[in-house]
Amino acid sequence: MKKAITGFLAAVVALTPIAAAAGEACTNAGLKRVQERGKLTVGVKADYKPWGYRDTDGKIIGLEVDMAQKVADTLGVSLELVPVIASNRMQFLQQGQIDLLIATMTDMPDRREIVGIKGPNYYASGTAALTPKAVGMTKWDDLRGKPACGVQGSFYLQNIEKKYGATIVAFGNAAEAKQALRDKKCVAFIYDDTTIGADFAAGGWDDFEMSLPVEDFAPWGMAVAKEDESCALGEMVSGLQYAWHRDGTLIELEKKWGVRPSPFLAEMHERMADPLAQ
């Protein structure tokens, strides 16, 4: 059932530019589809604690799931979560299987050519490595010629392979990659620093350490289909991210899910809270 649009959303629709990408009229097809269906479908991770993962009952929960719920609430519709992984998340958006993507996706120029990534970015992370203490690694060059586990579709794996000569062993999800590390099939698990930090906090990694310096900090982006980027759905997503930085919502979610305080969120909150700093 089609539900009423909130005042915030109505304002976004009113201010949406008449001209969309390629100079064509903006039909707001994405927003209309969501409203007519009465449901927002959001692609999220289901194996990436604390951003999106399954609890003991199999329900997908996490920080990005909370963000998805806030978007659905703003639209006045129900929420359907669709599990995605790094190698298929953009394709799901292109194929119309989801309306919105919130799945730890790094904002990169080549990805902006495929999907509509609306700023400001909601988070940023760096590349880190989980390694066995017994191996005694201290620098990234120690990976040269050695197997390093990662998740398919993660952009930073190519960087590690090219810069440091590691032999990348890619898996479909993080759980498989971490198990391979435990099984000694690789000497490092390459992932983002926030998630590895959360794994440490959860316990069970006493024989491992984050022994290599975190590098290549990069921003994360929420995405809509390319045709929705400059229309109401894309503008609404952008507006919410501004609001979440301004009122500290993202910092509160960070605390709720036990994520280490991010310098990026602190800086964005300070900037957005002061209109003169825009």
Side-chain angles (χ1 to χ4, degrees), residues 9 12-13 16-17 20-22 24 26-35 37 39-48 51-52 60 62-75 77 79-125 151-156 173 192 194-195 217-245 249-250 253 264-265 268:
L9 182 57
V12 170
V13 173
T16 299
E24 298 178 356
C26 188
T27 63
N28 289 326
L31 175 63
K32 291 177 181 177
R33 181 176 63 249
V34 171
Q35 289 291 326
R37 194 171 57 217
K39 178 173 63 179
L40 177 73
T41 57
V42 183
V44 296
K45 291 292 189 68
D47 66 337
Y48 207 160
W51 305 95
I60 302 177
L63 194 156
E64 289 178 332
V65 174
D66 284 357
M67 292 170 60
Q69 186 63 63
K70 290 180 181 298
V71 178
D73 290 345
T74 299
L75 289 167
V77 298
L79 173 66
E80 178 183 348
L81 300 174
V82 178
V84 298
I85 56 177
S87 59
N88 68 16
R89 56 193 171 188
M90 287 191 291
Q91 286 78 5
F92 274 36
L93 199 55
Q94 286 181 298
Q95 296 165 5
Q97 297 182 55
I98 56 177
D99 305 306
L100 175 64
L101 181 63
I102 316 179
T104 67
M105 185 174 70
T106 305
D107 182 357
M108 301 177 67
D110 59 336
R111 289 174 174 170
R112 282 182 172 246
E113 296 178 1
I114 300 171
V115 297
I117 301 177
K118 298 296 295 186
N121 300 109
Y122 68 93
Y123 205 76
S125 67
V151 178
Q152 293 173 0
S154 300
F155 82 95
Y156 42 75
N173 57 59
D192 78 83
T194 60
T195 304
F217 280 90
W220 295 5
M222 295 168 62
V224 295
K226 194 66 179 174
E227 58 268 25
D228 292 326
E229 181 177 2
S230 297
C231 298
L233 187 59
E235 295 300 328
M236 186 271 298
V237 167
S238 177
L240 282 178
Q241 289 177 99
Y242 275 108
W244 293 342
H245 280 303
T249 291
L250 294 172
L253 287 177
F264 173 80
L265 286 191
M268 291 295 284

pair Y122-M268: side-chain heavy atoms closer than 4.5 Å: no

Is there side-chain contact between M67 and M222, with heavy atoms separated by less than 4.5 Å? yes

Taking R111 for its side chain and T106 for its backbone only, find out whether a donor-acceptor pair lies under 3.5 Å. yes

Indicate yes or no for a side-chain donor-acceptor contact from Q35 to the backbone of L75 under 3.5 Å, with no hydrogens or angles considered. yes

Side-chain heavy atoms of V65 within contact of L81, under 4.5 Å: yes

Quick one, P83 and I60 - any side-chain contact, counting heavy atoms below 4.5 Å? yes

Got a second to check how far I114's CD1 is from M90's CE, nearest 0.5 Å? 4.5 Å

Backbone of T104 reached by a side-chain donor or acceptor of E64 within 3.5 Å: yes

Salt bridge or not for K118 and E235, using N-O below 4.0 Å? yes

Begin with the C-alpha distance, continue with both residues' side-chain angles, and end with the deciding distance and a verdict on side chain to side chain contact (heavy atoms under 4.5 Å, CB included) for I98 and E80. CA-CA 9 Å; I98 56 177; E80 178 183 348; over 6 Å; no

Sub-4.5 Å side-chain heavy-atom contact between Q97 and Q91: no

Do you know which two heavy atoms are closest between L100 and A223, and how far apart they sit? CD1-O, 3.2 Å

Please check if the side chain of N173 supplies one atom and the backbone of D47 the other of a donor-acceptor pair under 3.5 Å. no

State whether the side chain of D99 and the backbone N or O of T41 hold a donor-acceptor pair below 3.5 Å, judged by distance alone. yes

Distance, nearest 0.5 Å, that separates CD of E113 from NZ of K226: 7.5 Å

To the nearest 0.5 Å, what is the distance between CG (L250) and CZ (F264)? 9.0 Å

Could you walk me through whether W51 and K45 pass side chain to side chain contact (heavy atoms under 4.5 Å, CB included), step by step? CA-CA 7 Å; W51 305 95; K45 291 292 189 68; 5.6 Å; no

Please walk me through it: do V34 and K39 pass side chain to side chain contact (heavy atoms under 4.5 Å, CB included)? CA-CA 6 Å; V34 171; K39 178 173 63 179; over 6 Å; no

To the closest 0.5 Å, what do you measure between CD (Q95) and CG (L93)? 10.0 Å

Whether D228 side chain and L233 backbone form a donor-acceptor pair below 3.5 Å: no

Should L101 and V84 count as side-chain neighbours, where that means a heavy-atom distance under 4.5 Å? yes

Closest non-hydrogen atom pair, G119 against S238: O-OG, 2.5 Å

Quick check: does any side chain N or O of R89 sit under 3.5 Å from a backbone N or O of A103, one acting as donor and the other as acceptor? yes

Are the side chains of Y123 and L265 in touch, meaning some heavy atoms are under 4.5 Å apart? yes

I'd like to know whether V237 forms a side chain to side chain contact (heavy atoms under 4.5 Å, CB included) with V224, so could you lay out the CA-CA distance, the side-chain angles of the two residues, the decisive distance to 0.1 Å, and finally the verdict. CA-CA 8 Å; V237 167; V224 295; 4.1 Å; yes

Distance-only, no hydrogens or angles: does the H245 side chain make a donor-acceptor pair with backbone N or O of L240 under 3.5 Å? no

With side chains defined as the heavy atoms from C-beta onward, is the minimum distance between L40 and V71 less than 4.5 Å? yes

Output yes when a side-chain donor or acceptor of T74 lies under 3.5 Å from a complementary backbone atom of K70, and no otherwise. yes

CE-OG distance between M105 and S154, expressed to the nearest 0.5 angstrom: 12.5 Å

Step by step, would you call S125 with W220 a side-chain hydrogen bond (donor to acceptor under 3.5 Å, both in side chains)? CA-CA 8 Å; S125 67; W220 295 5; 2.8 Å; yes

Verify, without hydrogens or angle tests, whether D66 (side chain) and L63 (backbone) share a donor-acceptor contact under 3.5 angstrom. no

